[in-house]
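What's counted below: heavy atoms across the whole structure, side chains too, no hydrogens, waters or symmetry copies.
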Amino acid sequence: MKIIDGKAFSQTLREKIKDHVTVIKESANITPGLAVVLVGEDPASQVYVKNKGIQTKNAGMNSFEHRLEEDVSEKVLLDLIEQLNQDPTVHGILCQLPLPKHLNENLVINSIDPNKDVDGFHISNVGLLNTGQKSMVPCTPLGCLMLLREYVGDLSGKKATVIGRSNIVGKPMFNLLLRENCTVTVVHSRTKNIEEICKSSDILVAAVGRPKFVKGHWVKSGAVIIDVGINRVSITENGIEKSKLVGDVDFEATKDTALAITPVPGGVGPMTIACLLANTLVACCRTHNLAEPQELVL
Ligand code: NAP
């Protein structure tokens, strides 16, 4: 079985992005800029935002970080987003989710200029993707598709199953696979025969948020598996309790049956930030009518 090395693939992708950024800087004197807004003190979000900032700068782009207090009013947040919408040095805006409960997430997302919506969550981008038009594509499913194209090649006619129907992973993944001419099934918590559906699939994308949800005997021989899940679990090693990240797929149990699988960590995770950089570069090119890097555009 092949391990789909998302870490290595994302590094190559980041290098391509960096090269393209250099060309834009030299030829057009424009530096792509990504603004990230973080509300509150959520520890996981702080780590993500810090990593995004580092990788944005490493790609040669400008990184703008805006930190707001947990109890910030919706008006202050919306005013900040409007200011970023108007700022010509900002090509991409990302508001780190989840937001504190008193803020209306949909309202906030839809206040971002769709051309700067590098998360691809704005309702206009969702609609464009849904209708097969050019849009900003959500980073995690975009990364999954890039890995599938690389390891499977032509996806046309393949039977694909997406486990999970969230707005950030499952639904856009369904649309992307459909666009690739797969026959796609989406399963969720109310689906009756998940095991059977998975068993007949050439491609499995698991975005459930439950450790080792997909069992070995659910996997068809020769299937390609993309494991989106990131779950922290406790394990005991030599009498010492530790925590460890595992995916939504039982990696050990599937590895003899599957043709290829993404590991956790080191699979989809690193692709997500690389795709955020790709989207920022694409947004910058579209704003300034510059040639878009073809390998980053769907
Ligand atoms: P989510 O919003 O919680 O959605 C989970 C989906 O799984 C829902 O559609 C839910 O069905 C379905 N589900 C839950 N229990 C199920 C069950 N027993 N049987 C079948 N379906 C079930 O999660 P998400 O945001 O899509 O994220 C999914 C996982 O991916 C998480 O582990 C998350 O940490 C990870 N993730 C990773 C990245 C990355 O960069 N690698 C990015 C985003 C998310 P219902 O709709 O019926 O409730």
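Between Lys116 and Leu84 there is no side-chain heavy-atom pair separated by less than 4.5 Å. Cys139 is listed as a side-chain neighbour of Thr272, based on a closest heavy-atom distance under 4.5 Å. Considering only heavy atoms from C-beta on, His20 comes within 4.5 Å of Cys285 through its side chain. Taking the side chain as every heavy atom from C-beta outward, Ile261 and Phe251 approach each other to under 4.5 Å. Taking 4.5 Å as the limit, every side-chain heavy atom of Thr140 sits out of range of all side-chain heavy atoms of Ile168. For the pair Ser10/Ile273, no side-chain contact is recorded, criterion being any heavy-atom separation below 4.5 Å from C-beta on. Annotation: side chain of Lys134 is in contact with side chain of Arg286 (closest heavy-atom distance under 4.5 Å).
In terms of modelled atom types and a separation under 3.5 Å, the side chain of Asn193 and the main chain of Glu196 share no donor-acceptor contact. Side chain of Asn85 to backbone of Ile112: no donor-acceptor contact under 3.5 angstrom is found. Asn279 contributes a side-chain N or O that, together with a main-chain N or O of Val137, makes up a donor-acceptor pair within less than 3.5 Å. For Glu292 (side chain) and Leu290 (main-chain N/O), no donor-acceptor pair under 3.5 Å exists by modelled atom type. The backbone N or O of Ser234 lies less than 3.5 Å from no partner atom in the side chain of Glu241, so there is not a single donor-acceptor pair. Put simply, the side chain of Asn231 gets close to the backbone of Gly247: a donor and an acceptor are under 3.5 Å apart. Panel note: side chain Asp248, backbone Asp227; no donor-acceptor pair is recorded below 3.5 Å. Here the side chain of Asn238 pairs no donor or acceptor atom with the backbone of Ile240 at under 3.5 angstrom. Panel note: side chain His188, backbone Ser166; no donor-acceptor pair is recorded below 3.5 Å. Looking only at distances, no side-chain donor or acceptor of Glu41 sits under 3.5 Å from a matching main-chain atom of Glu70.
Around the NZ atom of Lys159, the shell of radius 6.0 Å holds no more than 12 heavy atoms that belong to other residues, nucleotides or ligands. Atom NZ of Lys2 has 12 or fewer neighbouring heavy atoms from other residues, nucleotides or ligands inside a 6.0 Å radius. In the displayed structure, Lys220 atom NZ is contacted under 6.0 Å by more than 12 heavy atoms of other residues, nucleotides or ligands. Within 6.0 Å of the NZ atom in Lys212, the count of heavy atoms belonging to other residues, nucleotides or ligands does not exceed 12. Atom CD of Glu195 has more than 12 neighbouring heavy atoms from other residues, nucleotides or ligands inside a 6.0 Å radius.
Linking ILVMFWY residues whenever their side-chain heavy atoms come closer than 4.5 Å, directly or via other members, leaves Ile194 and Val205 in distinct clusters. Taking hydrophobic clusters as Ile, Leu, Val, Met, Phe, Trp and Tyr residues chained together by side-chain heavy-atom distances below 4.5 Å, Ile54 does not share a cluster with Val37. Hydrophobic clustering of Ile, Leu, Val, Met, Phe, Trp and Tyr side chains at less than 4.5 Å, counting indirect connections, keeps Leu245 apart from Val214. When the side chains of ILVMFWY residues are joined at heavy-atom separations under 4.5 Å, either directly or via intervening members, Val208 and Ile230 end up in two distinct hydrophobic clusters. Hydrophobic clustering of Ile, Leu, Val, Met, Phe, Trp and Tyr side chains at less than 4.5 Å, counting indirect connections, keeps Val249 apart from Tyr151.
Looking only at atom types and distance, the side chain of Gln55 has no donor-acceptor partner in the side chain of Asn58 under 3.5 Å away. With no hydrogens or angles considered, a side-chain donor-acceptor pair links Ser201 and Thr161 at under 3.5 Å.
The two residues Leu259 and Gly222 have their closest heavy-atom pair at CB-O, 3.4 Å. When every heavy atom of Ile30 is checked against every heavy atom of Ile24, the shortest pair comes out as O-CG2, 3.3 Å. Here the closest non-hydrogen pair linking Phe121 and Asn110 is O-OD1, 4.5 Å. Heavy-atom minimum distance, Val90 versus Ala35: CG1-CB, 3.8 Å. Heavy-atom minimum distance, Ala59 versus Leu277: CB-CD1, 4.1 Å. The minimum heavy-atom distance between Thr257 and Gly216, with the atom names listed, is OG1-O, 4.4 Å.
In this structure, OG1 in Thr12 is found 12.0 Å from CE in Met146, a value given to the nearest 0.5 Å. Between atom CG of residue Leu155 and atom CG of residue Leu177 there is a gap of 7.0 Å, rounded to the nearest 0.5 Å. Atoms CG and CG, on Asn104 and Leu78 in that order, are 9.0 Å from each other to the nearest 0.5 Å. To the nearest 0.5 Å, the span separating CD on Glu150 from CD1 on Ile4 amounts to 9.5 Å. Taking CE of Met271 as the start and CZ of Arg14 as the end, the distance is 10.0 Å to the nearest 0.5 Å. Atom CG of Asn125 sits about 4.5 Å away from atom CG of Asp117, to the nearest 0.5 Å.
Val36 belongs to a hydrophobic cluster whose other members, connected by ILVMFWY side-chain contacts under 4.5 Å either directly or through intermediates, are Leu34, Leu38, Val49, Leu94, Val118, Met136, Leu276.
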Subject >> Derivation of the side-chain contact (heavy atoms from CB on, under 4.5 Å) call for Thr280 and Thr56 >> reply: CA-CA 9 Å; Thr280 305; Thr56 305; 6.0 Å; no
**OP:** In sequence, state the C-alpha distance, the side-chain angles, and the governing distance for Phe64 and Thr89, and then conclude on side-chain contact (heavy atoms from CB on, under 4.5 Å).
**Re:** CA-CA 10 Å; Phe64 308 102; Thr89 65; 3.8 Å; yes
**OP:** Evaluate the criterion side-chain contact (heavy atoms from CB on, under 4.5 Å) for residue pair Leu97 and Leu99; output intermediate values, then yes/no.
**Re:** CA-CA 5 Å; Leu97 302 178; Leu99 290 172; 3.9 Å; yes
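In this view, His91 and His288 satisfy the ring pair (Phe, Tyr, Trp, His ring centres under 6.0 Å) rule, not counting sequence neighbours. With sequence neighbours excluded, no residue forms a ring pair (Phe, Tyr, Trp, His ring centres under 6.0 Å) with His217. With sequence neighbours excluded, no residue satisfies ring pair (Phe, Tyr, Trp, His ring centres under 6.0 Å) with Phe174.
Screening residues 53-68 for salt bridge (charged side-chain N to carboxylate O under 4.0 Å, His left out), with sequence neighbours left out, gives Glu65-Arg67. Under the side chain to side chain donor-acceptor pair (under 3.5 Å) criterion, the residue pairs touching residues 169-187 are Arg149-Glu180, Asn167-Lys171, with sequence neighbours excluded.
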